[in-house]
Amino acid sequence: MKGWILDLYPDLNSGKMVIWLKGKTGCYRLREDYEPTFYVHSSKNSLERMRTHYEKRDFKTEFVRRKTDLYSNSKRKLLAVTPGKVFDPRNQLQAISFFEGFNKYRFYNVDIPLDQRYLIEKNIKPFSLVEKDNGWKSLEKETTIRYSKPPLRKTYLETESKSSSYRKKEDELESIKVDEEEIKGKESDILEELNEMITRKDPDILLTSSGDIFEIPYLVHRAEINDIDLKLGRKRSFHPPKSGSWYESYGRIIYKAPFYPLKGRVHIDIESSFLFGEGGVEGLIEASRISKVPMQRLSRRSPGSLINAMEVEKALEKGYLIPWKKNISEDFKDSIHLIKADRGGHIFEPEVGLHKGVVKMDFASMYPSIIDKYNLSPETLGCDCDNYREVPDLGYRVCKDKRGIIPKVVEPLIERRQKYKQLEDKNSIFEKRADILKWLLVTCFGYTGYKKARFNSIEVHESITAYGREILLRAAELAQKLGFDVIHGIVDSLWLKGDKAKVETLQRKVKEKTELKLEKEGVYDWIVFVESRAGGVGALNHYYGVFEGELEVKGLYLKRNDTPDYFKEVQKEILEELKEIKDEEVVESIMMDIIEIVKRKRNELKNREIDLEKLLFTKTTSRKAEDYKHVNEMKSALVQYKDIGFTRSPGQSVEYIVKDSKSSDVREKVKIKEKDPQFYDTAYYEDYLYRVVEEILSPFGYDRKAIKKTART
DNA sequence: GCAACTGAACTACCA
DNA sequence: ACTGGTAGTTCAGTTGCG
């Protein structure tokens, strides 16, 4: 049987792997035997006891010698245990550790997701053409970028309910939209017709726009009430109501929606999926193939977790066993906390004000290229062999002989991305694949410094940035020697003023000296670096200009998610005026026009002529209402959400207008969108107007006070 | 008693 | 279950002044 793997998952009840194979004519469900082995290290007596215990249960056991430690090649004696079925040993092992002491045992290969492990061991990928008879056989070339794809049917599902300002499970269904078709009428009829329609369309991918947060559990609930058997998957699946969770990642709180997978069909919640947002279905296919994580689970995961998946694969390939994460955190935590000399990337402070004829140059995928070129990986660092290289500034020794795990992960990502970037097609498929690979590349660096990561290493993280600083400084030096002015530089980018004819010479010299490719991104007609409010220095990453004929803005209010739309529009309007800055003489007349705009905006605000929607602040909460230390806008908003029974979890966003900025009454300070606010604090919003204008005009000598004064005359 | 100042708390963006 | 670095606002407490 030939086809493409659409999804797979372990079925712990039957002890088999379930694989959904999409063929040219249909989609088939296969159930396969799978016997994953796990390993235990302990004292001789304990292992003997354990062996007896598992043999009584008819598990296969065997003593073996395997590599367990990334940092040495010596092998240890271990007990290999193979249950005759798909099996998750973690709960059991937790209990054993609890009764007999946590340090007594070390477990290996117990927490690699079974679907991914199955694919690795059978050497096949999701969405790649395979043949199944007795075993699995891949029918495509390993590194191909022009791979065949299954004929995929995609359906978009959207529901609407009879509700007022926010949606609840109790609201009756108003209508359902399936692609372009709308189903209306009695709720039970709607649901019956939905079943029919899904069966008729038989999609492979079901897209929703907040299925995990609301729509799937909602539909399940409505179907239950109407006593209808809802069939969203190709096979029935059970969807108990779940609530979302949240977790903290370095001070940032991220909300995690519950997961409602379908059987035999890939459900993607496009709102909850970061990776879908970056590369669409095409991006997910590419990511799924390269990481061997099935699409349905992959769509909910972060780039970091895919990097972890790929690192695990490379480690297994090299013959290492993967220690249970529980053990890892105990062993490695302290060493990670001790060293904190990490300096990050280098920065050339920007020169505040207007510049013309600036070229932007950058190193493509600088950090990943450094990992690749200099072979940086936890197990290649601190090498004691003779063939080594030293990290600049830090002096760490890096092995030149054995290729590291992380470089092995990064190399194909860089190569594939480069190939995709050179290709063009009318549906931008290659572009989407390149976009998703970019995210994996960026994350690869951050993950080396992430303390909960399996293959982290502060020394590797430091080394990458040390090389990065060295390379950026060398490039800047070379640029200066050629007569360029370094206007600004950060991590992997340089803004240069000078003779454009010399750009190619610069590129050649940089390549000779650093081995990395410095690319010319383009030319600014003009660029303005904004002044920092804290002092007269340039604010890093805050600038605007006309780049290759298009307006480019970084870091301004306009780019922030928590800026009300109204102020974003004000900044846009002002920037449109500024587009005409060709020489200093027109500056004055442009300023006059801008002042007129500001006056008009001020009057609109004062006279309450603005649609309140445009004045809404949207912010992401980081904690529960009661955990905010001050009576601030967030607390105020959260309390009101609770009032109406629409509780928001940390990591979810709130929307509100500022009703009385100075008030310390949580029900007066702001008013949430769902309470249909009518009034806003005009003084507060007026002040906000002057702020957003100041941000753009400060390099031309207008501060907040001056703008306020002029606008009010 | 109020304005001015300061530092912590907080959200968000940059590469 | 990606990083460090930085900008800018708001809040609450303290200081300075008359």
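Protein chains get the first letters and strands the later ones, always in sequence-line order, with residue 1 at the start of each.
- What separates CD of A:E695 from C1' of C:dG8 is a distance of 9 Å, to the nearest Å.
- When each of B:dT11, B:dA15, C:dC11 is scored by its nearest atom to the side-chain atoms of A:R560, the top-ranked nucleotide is B:dT11.
- With ring centers used as reference points, A:Y688 lies under 6.0 Å from A:F617.
- In this structure, A:Y684 reaches the sugar-phosphate backbone alone: every heavy-atom distance under 4.0 Å involves primed, P, OP1 or OP2 atoms, never a base.
- Out of C:dA1, C:dA12, B:dC14, the shortest distance to the side chain of A:H630 is found at C:dA12.
- Using a 4.0 Å heavy-atom criterion, one finds that A:G446 contacts the bases of the nucleic acid, with or without backbone contacts as well.
- A:H542 has its NE2 atom 14 Å from the P atom of B:dA12, to the nearest Å.
- At whole-Å resolution of the value, OH in A:Y557 and C1' in B:dC14 are 17 Å apart.
- Using a 4.0 Å heavy-atom distance criterion, A:S664 is classed as making no nucleic acid contact.
- Each of C:dT10, C:dC2, B:dA15 was ranked by its minimum atom distance to the side chain of A:S302; first place goes to C:dC2.
- Close to C:dT10, at under 4.0 Å from its OP1 or OP2, lies a side-chain N or O of A:R691.
- In this entry the distance linking NZ of A:K635 with P of B:dA9 reads 14 Å, nearest Å.
- Residue A:Y628 has its side chain nearest to B:dT11 when only C:dC2, B:dT11, C:dT10 are considered.
- Taking atom CD on A:E462 and atom C1' on C:dC2, their separation rounds to 17 Å, with Å as the unit.
- Of the listed nucleotides (B:dC14, B:dA9, C:dA1), B:dC14 has the atom at the smallest distance from the side chain of A:K559.
- Between A:W495 and A:F348, the distance separating the two ring centers is not shorter than 6.0 angstrom.
- In this structure, A:Y467 has its ring center no closer than 6.0 Å to that of A:Y367.
- Looking at heavy-atom distances under 4.0 Å, A:T443 makes contact with a base.
- Taking side-chain N and O atoms only, A:K669 has a distance below 4.0 Å to OP1 or OP2 of C:dC11.
- A cation-pi arrangement is present between A:R648 and A:F646, with the terminal nitrogen or guanidinium carbon under 6.0 Å from the aromatic centre and inside a 45° cone about the axis.
- Listed nucleotides: C:dC2, C:dT10, B:dA15. Nearest to the side chain of A:Y450: C:dC2.
- Between B:dT11 and A:S622, a contact under 4.0 Å exists linking OP1 or OP2 to a side-chain N or O.
- Between A:Y557 and A:F567, the distance separating the two ring centers is not shorter than 6.0 angstrom.
- The residue A:Y367 sits apart from the nucleic acid: no heavy atom pair falls under 4.0 Å.
- One can place CD1 of A:I490 at 9 Å from P of C:dT6, the figure rounded to the nearest angstrom.
- Between the NZ atom of A:K662 and the C1' atom of B:dA3 there is a distance of 13 Å, rounded to whole Å.
- Nucleotides of DNA chain C nearest to A:R704 and A:V631 differ in position, and the one nearer the 5' end is that of A:R704.
- You'll find that the side chain of A:K619 is closest to B:dT11, out of C:dA1, B:dA15, B:dT11.
- Remark: aromatic rings of A:F445 and A:H461 are close, center separation under 6.0 Å.
- Using the Watson-Crick or G-U wobble rule with both distances under 3.5 Å, B:dC5 pairs with C:dG13.
- When rounded to the nearest whole Å, the span between CG of A:N561 and C1' of B:dC13 equals 10 Å.
- In this model, the phosphate group of C:dT10 is not approached by any side-chain N or O of A:S661 to a distance below 4.0 Å at OP1 or OP2.
- Note on A:E655 versus A:K619: no salt bridge recorded, every NZ/NE/NH1/NH2 to OD/OE distance being 4.0 Å or above.
- Using Watson-Crick or G-U wobble geometry with both donor-acceptor distances under 3.5 Å, B:dC13 finds its partner in C:dG5.
- Each of C:dC2, B:dA9, B:dA15 was ranked by its minimum atom distance to the side chain of A:V491; first place goes to B:dA15.
- Side-chain N/O atoms of A:R623 include one lying less than 4.0 angstrom from OP1 or OP2 on B:dC10.
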